[in-house]
2 protein chains.
Amino acid sequence: MPEAPPAVGLAAPAQPRATLADVGRLAGVSAKTVSRVVLGSSSVTPETRDRVLRAARTLRFRPNHLARDLRYGSVTNTVAFVIGDLTNPFYFAVAAGIERELARHGLLMILASTDDEPESEKRVVEALLQQRVRALLMVPIASDQSYLEGERQLGTPVVCIDRPATNLIADSVVLANSDGTAEAVRALIRLGHRRIAFVCSPAALFTHQERLRGYRQALREAGVTDTTRWERLEEAGGASAADSVRDLLAMADPPTAIVAGNNRASSGVLHALRESADDVAFIGFDDFELADAYGISVVAYDPAELGRTAAQLVVSRMDDLTGPPRHVEIPTRLIPRGSGERGAP
Amino acid sequence: MPEAPPAVGLAAPAQPRATLADVGRLAGVSAKTVSRVVLGSSSVTPETRDRVLRAARTLRFRPNHLARDLRYGSVTNTVAFVIGDLTNPFYFAVAAGIERELARHGLLMILASTDDEPESEKRVVEALLQQRVRALLMVPIASDQSYLEGERQLGTPVVCIDRPATNLIADSVVLANSDGTAEAVRALIRLGHRRIAFVCSPAALFTHQERLRGYRQALREAGVTDTTRWERLEEAGGASAADSVRDLLAMADPPTAIVAGNNRASSGVLHALRESADDVAFIGFDDFELADAYGISVVAYDPAELGRTAAQLVVSRMDDLTGPPRHVEIPTRLIPRGSGERGAP
DNA sequence: CGACTGTATGTCATCGTTGACATTAAAACA
DNA sequence: TGTTTTAATGTCAACGATGACATACAGTCG
């Protein structure tokens, strides 16, 4: 039985793609000489170079990077970025930062998504590694990344973004989550607030917990120890952020301020607050479009910087695989725009 | 003179990467047999298969896709998406749609940016073609794409997004720009508005003009022929959308309604309107986060659908390069949320 | 003038994988 | 038992580019 061609069909091109040999034939030289011209290296007569370049132009020659990379030990100039949820604008901004930084080093970015399914993470990553990506940038979503340990030993740098890896030695870049919420809460406390709620939509466990930790710590500093009443951490399928807020406002002693744990929560909270007559202070985590126009105070940061930093880490790792893993924290800053500057009643 | 290795250095991996031959050696079979096992094809004894799989696992073998693709005529499973400005969330949503659709066909997406510099478009595209991308998706930004004609003839499908290509036969997917603004303007006219302004920040010429065309046409239908007084089309470096609005409101007969030509303009207009006491109706083009929370009416569409459609086009083109170019229009829809439903004074 | 230097070019092998074809051995059959 | 069939595996070449090495020829020098 003859073995089948690859599954995906492709209409045969009108003319075959030119190779070094084709160009050489037309220019009356060997493929190697053409290669020399293309690489711009060693000695070639100006006349020969001219003839070769003309032939290359005629045949629309383009060096085959696949072949070149294979020759060079299958080291490509492509870096993969694996995201969970592509529709989250946060990741896009991160991707933008990555792409820009990689481009400065002549590297390309492959974008792949796991569709927020932890089980597909390994599958997606494996597929990318078969493509011989030079390095791996990822937002870990599975509960374990130990499956990458072998690849790491084989020399593929791995940098985790937004959350650290689990059971894998890898560099990581995360936000100063805890400091971010702590700063927001402290600002509210300075304004006299004590009943401060924390609302967070389903978020990755790590960022979720870190932001909650900062919230609790800042309140503890102010002498408020029992914060659980004001915490609304929604699990998938639970109440929405908007419902949580309605619920909070209906309490006997409703919160005078609300901190949202991520942009999805902000959206829900703002929806609910606009329906209500109460004058509740609000600070969100994550900036969003027109937040300034509407005077919404937020804990912001630069997602592009997250990406850029991750890309820098990965590039430096390509040159030096040795040394302990590095963990970088991207600072956040509180942007006061009014909604978070209302004093306690 | 010995020729230099490629510019980018890479620390040598601790252990070399296993090949089919390595696995074969360990399993006591030839590389070809291992290949058969990996491809899951033709006849291999269960015992041999077992031995091979065990050896592969031991050596952490991973098929080298570079070599495979080279063998198969350098046809990769990677599609490139070239964007001008990565920081525009619009493109991200498009990219998300593309990635998702391509993944359904086992294809990967490389994302590359031209940083909104028309001159770099050709350079970026050429670099991608050397990577032997299977197809090209792009938001054209240069004033001419004829440099791709040769590549098209060589069998690389090209699909343009958001704007058609210039001097190149290629499929394209664009928004129903003209219909979108026309619908918005007609809605305002029905509410009694006649003095309707159109504000647009620097935008790509094509979408810009199309949206303006729809605006003019709808007004002409209502008998308003001289619209230039209400048109504020900003060139790069000119007045901001916010300034334009202040300017408009200072007129003797200020507009009673404003339509924004894109999301950047919306942002500027809303900033200016919030400062002013006037009760001006407003409809934006492009939806944005929390627009619903703030009751902003917009002409919306699904950017992901744009991407998905483009990906579908490109996939179908891979199977059949013949046939005339296809031009798909993604419909828009007016989402009334209040700001655009204020009657004329 | 012959040995030597250096420049321009060519030949060959290789990167890892897989079709085409060859070979081996066991099973099936006359 | 000898011949044919079939399954399992191996050998080889090729995809395109490029290092290592070889060759050819012009120019230089003692």
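Atoms CZ (A:Arg71) and C1' (C:dG16) sit 12 Å apart, rounded to a whole Å. When rounded to the nearest whole Å, the span between CD of B:Glu47 and P of D:dA8 equals 10 Å. In this structure, A:Gln130 places its CD atom 10 Å from P of C:dT18, rounding to the nearest Å. The distance between atom NE2 of B:His65 and atom P of C:dT17, rounded to the nearest whole Å, is 11 Å. A:Asn64 places its CG atom 6 Å from the C1' atom of D:dG16, with the value rounded to the nearest Å. Counting to the nearest Å, the C1' atom of D:dT18 and the CZ atom of A:Phe61 are 12 Å from each other. A:Asp22 places its CG atom 10 Å from the P atom of D:dC15, with the value rounded to the nearest Å. Atom CZ in A:Arg132 sits about 14 Å away from atom P in C:dC15, given to the nearest Å.
Across all strands shown, A:Arg68 has heavy atoms under 4.0 Å from sugar-phosphate atoms exclusively, and none from any base.
Applying the salt bridge (charged side-chain N to carboxylate O under 4.0 Å, His left out) definition to pairs two or more places apart or across chains, none involves residues 38-49 of chain A.
B:Val174 pairs by the side chain to side chain contact (heavy atoms under 4.5 Å, CB included) definition with B:Pro164, B:Phe206, B:Glu329, not counting sequence neighbours. Scanning for salt bridge (Lys or Arg N to Asp or Glu O under 4.0 Å) contacts around B:Arg54 gives an empty result, with sequence neighbours left out.
Salt bridge annotation for A:Arg17-A:Asp22: absent, with no cationic side-chain nitrogen under 4.0 angstrom from a carboxylate oxygen. Using a 4.0 Å cut-off between a side-chain N of Lys or Arg and a carboxylate O of Asp or Glu, B:Arg123 and B:Glu126 do not qualify as a salt bridge.
B:Glu121 and B:Thr114 share no side-chain donor-acceptor pair at under 3.5 Å.
Judged purely by atom type and a 3.5 angstrom limit, A:Arg317 uses its side chain to pair as donor or acceptor with the backbone of A:Thr322.
Distances were taken from every side-chain heavy atom of B:Leu70 (C-beta onward) to each of C:dT14, C:dT17, D:dC15; the shortest belongs to D:dC15.
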Would you mind writing out the side-chain donor-acceptor pairs for residues 73-82 of chain B within the sub-3.5 Å range, not counting sequence neighbours?
from	atom 1	to	atom 2	distance (Å)
B:Ser74	OG	A:Asn64	ND2	2.6
B:Thr76	OG1	B:Thr78	N	3.4
B:Thr76	OG1	B:Arg132	O	2.6
B:Asn77	OD1	A:Gln131	NE2	3.3

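Heavy-atom minimum distance, B:Arg163 versus B:Pro140: NE-O, 2.8 Å.
OP1 or OP2 of D:dA14 has not a single side-chain nitrogen or oxygen of B:Tyr72 nearer than 4.0 Å.
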Restricting to nitrogen or oxygen on both sides, can you table the protein-nucleotides 9-12 of chain D pairs closer than 3.5 Å?
from	atom 1	to	atom 2	distance (Å)
D:dT9	OP1	B:Thr45	OG1	3.1
D:dT9	OP1	B:Thr48	OG1	2.5
D:dT9	OP2	B:Thr45	N	3.0
D:dT9	OP2	B:Thr45	OG1	3.2
D:dG10	OP1	B:Ser30	N	3.1
D:dG10	OP2	B:Ser30	N	2.8
D:dG10	OP2	B:Ser30	OG	2.8
D:dG10	OP2	B:Thr33	OG1	2.4
D:dG10	N7	B:Arg36	NH2	2.7

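In the helix from C:dC1-D:dG30 to C:dA30-D:dT1, the rotation axis of the first five pairs and that of the last five pairs differ in direction by 60°, rounded to 10 degrees.
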